[in-house]
Amino acid sequence: ASATMAGDTVSMSVATETGEAERSVLQHTVFVAYVPRAPGGGGANDVTTVSGTELSTVRLTSAISAPMDAVFRWAKNGADLAPTASDSINGTARFRFSADRRTLSICAALLADSGRFVVTATHRLGNASQ
């Protein structure tokens, strides 16, 4: 018997007693859970500087490797970032999150928006911050 793998497909050839070869293809989806990991270990010196001009949109994107069901949470200067009505211009939110919360967009950025932003990915297997 011999087997080869290509992606999610396993092909097998089996010689029978009569010498005839049979071939079957099995498809399997494999799910692997893993602990979220920050690039560089997520230490205090693992800082990325992002800059933009005033009133432009600044995007902060997490580089944390995490399972799809991890929950991402952002903080600014140690406080959870929960946009309020005062964080809007003409009714449009200035702090916006992508659907999976991996990216934070600061629309119409102001000097007051400067600070240390930390994103934390939380999963049942562990968490990581960047």
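For Asn77 against Gly115, the heavy-atom pair with the smallest separation is OD1-CA, 3.5 Å. The nearest pair of heavy atoms linking Ala93 to Arg96 is O-NE, 3.1 Å. Among all heavy-atom pairs drawn from Thr57 and Ala108, the shortest one is OG1-N, 4.4 Å. Taking both residues in full, the closest heavy atoms of Ile64 and Ala121 are given as CG2-CB, 3.8 Å, listed atom of the first, atom of the second, then distance. Contact detail for Gly78 and Ala75: the closest heavy-atom pair is C-CB, 4.4 Å.
Take Asp80 and apply the side chain to side chain donor-acceptor pair (under 3.5 Å) test, not counting sequence neighbours, and it matches Arg73. When the side chain to side chain donor-acceptor pair (under 3.5 Å) test is applied to Thr122, no partner is found at least two apart in sequence or on another chain. Qualifying side chain to side chain contact (heavy atoms under 4.5 Å, CB included) partners for Val71, counting only residues two or more places apart in sequence or in other chains: none. Ser114 is linked by a side chain to side chain contact (heavy atoms under 4.5 Å, CB included) to Leu111, counting only residues two or more places apart in sequence or in another chain. Judged as a salt bridge (Lys or Arg N to Asp or Glu O under 4.0 Å), and not counting sequence neighbours, Asp69 has no contacts. Applying the side chain to side chain donor-acceptor pair (under 3.5 Å) criterion to Thr103, with sequence neighbours excluded, gives Thr61. With sequence neighbours left out, the salt bridge (Lys or Arg N to Asp or Glu O under 4.0 Å) criterion links Arg59 to no other residue. For Val118, the side chain to side chain contact (heavy atoms under 4.5 Å, CB included) partners two or more places apart in sequence, or in a different chain, are Arg116, Thr120, Ser129.
Distance check: Leu60 CG to Trp74 CH2 gives 5.0 Å after rounding to the nearest 0.5 Å. With rounding to the nearest 0.5 Å, the separation of CD1 in Ile106 from NZ in Lys76 is 7.5 Å.
Apart from Leu55 itself, the hydrophobic cluster it occupies contains Leu110, where clustering links Ile, Leu, Val, Met, Phe, Trp and Tyr at side-chain heavy-atom distances under 4.5 Å.
In this structure, Phe117 and Val50 have side chains that are not in contact, with every pair of non-hydrogen atoms separated by 4.5 Å or more. Considering only heavy atoms from C-beta on, Phe95 comes within 4.5 Å of Leu104 through its side chain.
In terms of modelled atom types and a separation under 3.5 Å, the side chain of Ser105 and the main chain of Cys107 share no donor-acceptor contact.
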